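Scroll down for the structure; my scribbles are underneath it.
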Amino acid sequence: MTTHANHPYHLVEKSPWPLTTSLGALLMTSGLTKWFHLFDPSLFILGLVSTMFSSYQWWRDVVRESTLQGLHTIKVMNGLRWGMILFIVSEVLFFFSFFWAFFHSSLAATFDLGGTWPPKYISAFNPFQVPLLNTAILLASGVSVTWAHHAILEKNYKEANQGLVLTIMLGIYFTAIQAMEYNEASFSIADSVYGSTFFVATGFHGLHVIIGTTFLTVCAVRTFKAHFSQNHHFGLEASIWYWHFVDVVWLFLFVSIYWWGSFI
């Protein structure tokens with residue numbers, strides 16, 4: 001890579017991480033198939049560890065380019081912003097497909113389901129118990145992560161760390177409660193289209209909470225190491241965008257699947 005460029009763009013150096021990450025993803029998908037059919041998770045675990053290791057190394061390189069080498073110019077950061085926006089749009093469409101499946105099945109319940117929704121043999125969750133608690137947890141986490149963002153803008157890095165740590169704790173708390181909810185569920189993913197849509201939609205949201213918590217944890221460590229400034233903190237900003245997206249998706253899940261879908 002040329003060290004003295006006459007343009008504001010960042011031309012990345014050669015990196016092995018895209019190749020190793022794609023190979024890890026291949027092992028994960030192949031491992032899932034092997035796990036489902038042969039009940040052997042070893043290949044999936046190998047792919048998962050490989051993907052996590054490659055992601056860590058790749059993320060480390062990006063942090064170095066941004067923080068230590070000063071390669072993320074204003075032009076580069078604008079490109080990263082648009083990339084994150086388009087990524088979140090793709091995630092919106094991803095969840096839209098799950099909501100489509102839910103409403104398609106619930107608004108015209110078939111004879112196989114007893115003509116009702118939820119099906120007669122399904123005991124749905126009370127939306128005003130654990131789901132409402134999880135809603136309060138995520139709404140509170142949205143407040144705390146916004147507090148962290150405003151603290152960065154005000155150069156109050158101590159409060160920014162406090163806000164991030166609080167958000168991370170709430171994210172872990174949400175995940176633990178959802179795991180308990182799944183463990184106590186009276187139905188499974190195999191119980192008709194209700195179980196499928198419920199566990200796929202809420203399960204993928206739970207996965208996004210775990211990813212968002214990891215994202216915020218990395219940002220909290222970087223904030224502690226003084227990687228962010230008032231004008232240069234896009235990594236933190238991207239994680240906050242992602243977390244707000246997770247919050248909004250949960251509100252739609254709570255209103256449609258837990259509340260509306262339990263009483264129609």
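These numbers come from a predicted model, not from an experiment.
For the pair S97 (side chain) and F94 (backbone), a donor-acceptor distance under 3.5 Å is present. Proximity of a side-chain donor or acceptor of S50 to a complementary backbone N or O of L46 within less than 3.5 Å is not detected. No donor-acceptor distance shorter than 3.5 angstrom exists from the side chain of E65 to the backbone of H10, with no hydrogens or angles considered. A distance-only check finds no donor-acceptor pair linking the side chain of S141 to the backbone of G171 [under 3.5 Å].
Across all their heavy atoms, T21 and S54 have their closest contact at OG1-CB, 3.2 Å. For P127 against Y258, the heavy-atom pair with the smallest separation is CB-O, 3.5 Å. The shortest non-hydrogen separation linking A220 to N161 is O-OD1, 3.2 Å. The shortest non-hydrogen separation linking A124 to P118 is CB-CG, 4.0 Å. The two atoms that bring G24 and T51 nearest to each other are C-OG1, 3.2 Å, heavy atoms only. The nearest pair of heavy atoms linking L27 to G47 is CB-CA, 3.6 Å.
A distance of 6.0 Å or more separates the ring centres of F95 and F252. Aromatic pair W259/F254: ring centres not closer than 6.0 Å. Taking the six-membered ring for Trp and the full ring otherwise, the centers of F198 and F125 sit less than 6.0 Å from each other. Under the 6.0 Å cut-off for aromatic ring centres, F245 and H205 do not qualify, their centroids lying 6.0 Å or more apart.
Taking a 6.0 Å sphere around OH of Y121, one finds it holds more than 12 heavy atoms contributed by other residues, nucleotides or ligands. Shown here is F187, whose CZ atom has more than 12 heavy atoms of other residues, nucleotides or ligands within 6.0 Å. At most 12 non-hydrogen atoms from other residues, nucleotides or ligands lie less than 6.0 angstrom from CH2 of W35. Heavy-atom contacts from other residues, nucleotides or ligands closer than 6.0 Å to OH of Y182 number more than 12. Surrounding CD of E154 are at most 12 heavy atoms belonging to other residues, nucleotides or ligands under 6.0 Å away.
Atom CH2 of W17 sits about 7.0 Å away from atom CG of D61, to the nearest 0.5 Å. A distance of 9.5 Å separates CD1 of I257 from OG of S262, quoted to the nearest 0.5 Å. Note that OH of Y242 is 9.5 Å distant from OG1 of T213, once rounded to the nearest 0.5 Å. Summarising the geometry, atom CG belonging to L216 is positioned 6.0 Å from atom CD1 belonging to I168; distances are rounded to the nearest 0.5 Å. Between the OG1 atom of T214 and the CE atom of M52 there is a distance of 7.5 Å, given to the nearest 0.5 Å. In this structure, Q230 CD and Y157 OH are separated by 6.5 Å, a value rounded to the nearest 0.5 Å.
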Q: Just do the side-chain hydrogen bond (donor to acceptor under 3.5 Å, both in side chains) check on W58 and S15 with the steps written out, would you?
A: CA-CA 8 Å; W58 199 348; S15 172; 5.1 Å; no
Q: Mind running side-chain hydrogen bond (donor to acceptor under 3.5 Å, both in side chains) on Y194 and S106 for me, showing each step along the way?
A: CA-CA 8 Å; Y194 182 89; S106 60; over 6 Å; no
(Q) side-chain contact (heavy atoms from CB on, under 4.5 Å), that's the test. Do L166 and V145 meet it? Break it down for me. (A) CA-CA 8 Å; L166 178 57; V145 82; over 6 Å; no
Q. Taking it one step at a time, do I177 and V130 satisfy side-chain contact (heavy atoms from CB on, under 4.5 Å)?
A. CA-CA 8 Å; I177 290 179; V130 174; 3.4 Å; yes
Q: Take S229 and N231, measure what side-chain hydrogen bond (donor to acceptor under 3.5 Å, both in side chains) needs, and give me the verdict at the end.
A: CA-CA 5 Å; S229 68; N231 299 318; 5.8 Å; no
Q | Intermediate values then yes/no, side-chain hydrogen bond (donor to acceptor under 3.5 Å, both in side chains), W250 and N134 | A | CA-CA 9 Å; W250 175 259; N134 267 344; over 6 Å; no
Q | side-chain contact (heavy atoms from CB on, under 4.5 Å) between T146 and I240, worked out | A | CA-CA 8 Å; T146 303; I240 292 171; 5.5 Å; no
Q) Can you check side-chain contact (heavy atoms from CB on, under 4.5 Å) on S66 and H232, steps first, answer last? A) CA-CA 9 Å; S66 169; H232 195 93; 3.3 Å; yes
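For the pair H227 and L236, the minimum side-chain heavy-atom distance is 4.5 Å or more. In this structure, the side chains of E91 and H208 come closer than 4.5 Å at one or more pairs of heavy atoms. Inter-residue side-chain proximity for H244 and S239 is flagged as unmet; no heavy-atom pair is nearer than 4.5 Å. Between S30 and L43 there is a side-chain heavy-atom pair separated by less than 4.5 Å. With a 4.5 Å cut-off on side-chain heavy atoms, V76 and L71 do not count as touching. In this structure, the side chains of T67 and R222 come closer than 4.5 Å at one or more pairs of heavy atoms. Contact annotation: the side chain of F99 approaches that of L253 to within less than 4.5 Å [non-hydrogen atoms, C-beta and beyond]. Contact of the H149 side chain with the H233 side chain is registered, since non-hydrogen atoms from C-beta on lie closer than 4.5 Å.
L139 and L170 sit in two unconnected hydrophobic clusters of ILVMFWY residues. Membership requires side-chain heavy atoms under 4.5 Å apart, directly or through other members. Linking ILVMFWY residues whenever their side-chain heavy atoms come closer than 4.5 Å, directly or via other members, leaves I74 and L80 in distinct clusters. Under the 4.5 Å side-chain heavy-atom criterion for ILVMFWY residues, no single connected hydrophobic cluster contains both V221 and F215. Side-chain heavy atoms closer than 4.5 Å link hydrophobic residues (I, L, V, M, F, W, Y) into clusters, and following such links, possibly through other members, connects I122 to F199. Following chains of ILVMFWY side-chain contacts shorter than 4.5 Å, one cannot reach V246 starting from V165, and the two form parts of different hydrophobic clusters.
With sequence neighbours excluded, the residues that form a ring pair (Phe, Tyr, Trp, His ring centres under 6.0 Å) with F234 are W241. W243 pairs by the ring pair (Phe, Tyr, Trp, His ring centres under 6.0 Å) definition with nothing, not counting sequence neighbours.
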